[in-house]
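Structure record follows, encoded as structure tokens.
What you see is a predicted model, and the numbers here were worked out from it, not measured in a lab. Note that the numbering runs from 1 along the sequence shown for the chain.
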Amino acid sequence: MTTELHTIQGEKVALPLAVRDASVASAMFAVPARAAQAVIAYSGLEAAAWRGRAVCSLAFVRYADGDLGAYHEFAVAFLVRHPDRERGVGAFIHWLPVNQEFTLEAGRSIWGFPKELADIPMDLSSRIKRCAVRIGGRTAIEVAVRPGPPIPARGGEPAVDAYSCLDGVTRRIPWSLRPGAVRTRPGGATVLLGDHPVAEELRGLGLDRARALTSSSVGRLSMTFGGAEEVRA
């Protein structure tokens, strides 16, 4: 595999990029497909919908060891159809606040991820996993996840196409994951929305009153991100 190099704040970042140790909590929600499509319309992508419902994922991640250093991240993502419609679905990353400048610049310049700087306190060590996102002193969202029993480990490395859109350019990013210590259950998440403008957008999806389809935690996660490829949606 050819190595791709980028310079971020005077440091070399090589692709594929490796995350060697992270932990995650997440919840998936069924939201109105029309509302989801309106939110992501700027990307040119189509939300994957079934019976008028689309899937929105909320996830918070603590990166402990990786090529972009240690940081916290929160993600709002939607399942979308691949533009060629022959490759199943991918994950469109709509909002991606982080709490460190280096990963912010790398994420925006290398992959076009919509990263912005935020205060992201989180607790992934307790039974109930908690996270909040605050920007400029205003709360956007608070999430609590109560993961269920452990599930058996599965072999292989799941591969997902992630999508981003920044400054009018939509990109596809190959993404592989190696999860361990996974727990999951139906329901199990609580979402509180604040007074930040992003909260109003999420409120329009009904996330402040929706029951989670599933809630999960991953105690040990490693990942690899490839280079971004511009797509015409």
(request) Kindly indicate whether the side chain of Ser216, heavy atoms from C-beta on, has any atom under 4.5 Å from the side chain of Ser26. (result) yes
(request) Return the minimal non-hydrogen interatomic distance between Ala77 and Ile93, and the atom names on each side. (result) CB-CD1, 3.9 Å
(message) Please tell me whether Ile151 and Val24 are part of a single hydrophobic cluster in this structure, the criterion being side-chain heavy atoms less than 4.5 Å apart.
(response) yes
(request) Look at the aromatic rings of Phe74 and Phe60 and report parallel, tilted or perpendicular, splitting at 30° and 60°. (result) parallel
(request) Check whether any side-chain heavy atom of Ile40 lies under 4.5 Å from a side-chain heavy atom of Val80, and answer yes or no. (result) yes
(message) Could you tell me if Glu105 and Gln9 have a donor-acceptor pair between their side chains, going purely by distance under 3.5 Å?
(response) yes
(request) Identify whether Ile110 and Leu166 are in the same connected component of the hydrophobic contact network (ILVMFWY, side-chain heavy atoms under 4.5 Å). (result) no
(request) Tell me whether Val169 is reachable from Val231 by hopping between hydrophobic residues (I, L, V, M, F, W, Y) whose side-chain heavy atoms are closer than 4.5 Å. (result) no
(request) Decide yes or no for Leu192 and Asp208: does some side-chain heavy atom of the first lie under 4.5 Å from some side-chain heavy atom of the second? (result) no
(message) Using side-chain heavy atoms (C-beta onward) and a distance below 4.5 Å, is Phe102 in contact with Ile8?
(response) yes
(message) Measuring from atom CG of Leu221 to atom CG of Leu177, what distance do you get when rounded to the nearest 0.5 angstrom?
(response) 5.5 Å
(message) For a quick check under 3.5 Å, do Ser217 and Arg183 share a side-chain donor-acceptor pair by atom type?
(response) no
(request) May I have the step-by-step check of side-chain hydrogen bond (donor to acceptor under 3.5 Å, both in side chains) for Arg171 and Ser164, ending in yes or no? (result) CA-CA 5 Å; Arg171 299 173 174 88; Ser164 67; 4.8 Å; no
(message) Just checking Arg34: does its CZ atom have more than 12 heavy atoms from other residues, nucleotides or ligands closer to it than 6.0 angstrom?
(response) no
(request) Report yes if the side chains of Leu17 and Val19 come closer than 4.5 Å at any heavy-atom pair, otherwise no. (result) yes
(request) Mind checking the OG1-CG spacing from Thr103 to Leu68? Nearest 0.5 Å is all I need. (result) 4.5 Å
(request) Kindly say whether Pro186 contributes a backbone atom to a donor-acceptor pair with the side chain of Thr214 at under 3.5 angstrom? (result) no
(message) As an exercise, state the distance from OH of Tyr163 to CG of Leu45, rounded to the nearest 0.5 Å.
(response) 7.0 Å
(request) Please list all pairs passing the salt bridge (Lys or Arg N to Asp or Glu O under 4.0 Å) test where one or both residues lie in residues 109-130, with sequence neighbours left out. (result) Glu73-Lys115
(request) Please check if Phe78 and Tyr42 belong to a single hydrophobic cluster, counting links between Ile, Leu, Val, Met, Phe, Trp and Tyr side chain heavy atoms closer than 4.5 Å. (result) yes
(request) State the CG-CZ distance between Asp195 and Arg138, to the nearest 0.5 angstrom. (result) 4.5 Å
(message) For Leu124 versus Ala25, what's the shortest heavy-atom pair and its separation?
(response) CD2-CB, 3.6 Å
(message) On a heavy-atom basis, which atom in Ile173 and which in Ala228 lie closest, and how many Å separate them?
(response) CG1-CB, 4.0 Å
(request) Identify the heavy atoms of Ser23 and Gly219 that sit nearest to each other, and give their distance. (result) CB-O, 3.7 Å
(message) Quick check: closest heavy atoms across Val31 and Ala36, and the distance to 0.1 Å?
(response) CG2-CB, 4.0 Å
(request) Give the C-alpha distance, both sets of side-chain angles, the deciding distance and a yes or no for side chain to side chain contact (heavy atoms under 4.5 Å, CB included) between Lys12 and His6. (result) CA-CA 6 Å; Lys12 298 294 185 183; His6 296 262; over 6 Å; no
(message) Between Asp161 and His82, is the side chain to side chain contact (heavy atoms under 4.5 Å, CB included) condition met? List the steps.
(response) CA-CA 9 Å; Asp161 277 344; His82 288 284; 3.1 Å; yes
(message) Would Leu58 and Val191 count as a side chain to side chain contact (heavy atoms under 4.5 Å, CB included) here? Give the steps.
(response) CA-CA 10 Å; Leu58 305 178; Val191 176; 3.9 Å; yes
(request) Using a 4.5 Å cut-off on heavy atoms from C-beta on, say whether the side chain of Thr7 contacts that of Val13. (result) no
(request) Drop me the distance from Leu104's CG to Ser109's OG, to the nearest 0.5 angstrom. (result) 9.0 Å
(message) On a heavy-atom basis, which atom in Cys131 and which in Ile120 lie closest, and how many Å separate them?
(response) SG-CG2, 3.6 Å
(message) With heavy-atom distances below 4.5 Å as the criterion, would you say the side chains of Trp111 and Leu15 are in contact?
(response) yes
(message) Using a 6.0 Å cut-off, check whether atom CZ of Arg20 has over 12 heavy atoms from anything other than its own residue.
(response) yes
(request) Just jot down the salt bridge (Lys or Arg N to Asp or Glu O under 4.0 Å) partners of Arg108, sequence neighbours excluded, or say none. (result) none
(message) The test is side chain to side chain contact (heavy atoms under 4.5 Å, CB included); show your working for Val198 and Trp95 and say whether it passes.
(response) CA-CA 9 Å; Val198 170; Trp95 189 51; 3.7 Å; yes
(message) Is it true that His94 and Glu201 share a donor-acceptor pair across their side chains at a distance under 3.5 Å?
(response) yes
(request) Would you give the length of the straight line joining atom SG of Cys56 to atom CG of Leu207, rounded to the nearest 0.5 angstrom? (result) 5.0 Å
(message) Is the shortest side-chain heavy-atom distance between Ser43 and Phe92 below 4.5 Å?
(response) yes
(request) Give the cluster check for Trp50 versus Met28: same hydrophobic cluster or not, with ILVMFWY residues linked at side-chain heavy-atom distances below 4.5 Å. (result) yes
(request) Could you verify whether a donor N or O on one side chain and an acceptor N or O on the other, from Ser222 and Arg178, lie under 3.5 Å apart? (result) yes
(message) Among residues at least two apart in sequence or on other chains, which ones pass ring-ring contact (aromatic ring centres under 6.0 Å, His included) with Tyr63?
(response) Tyr71
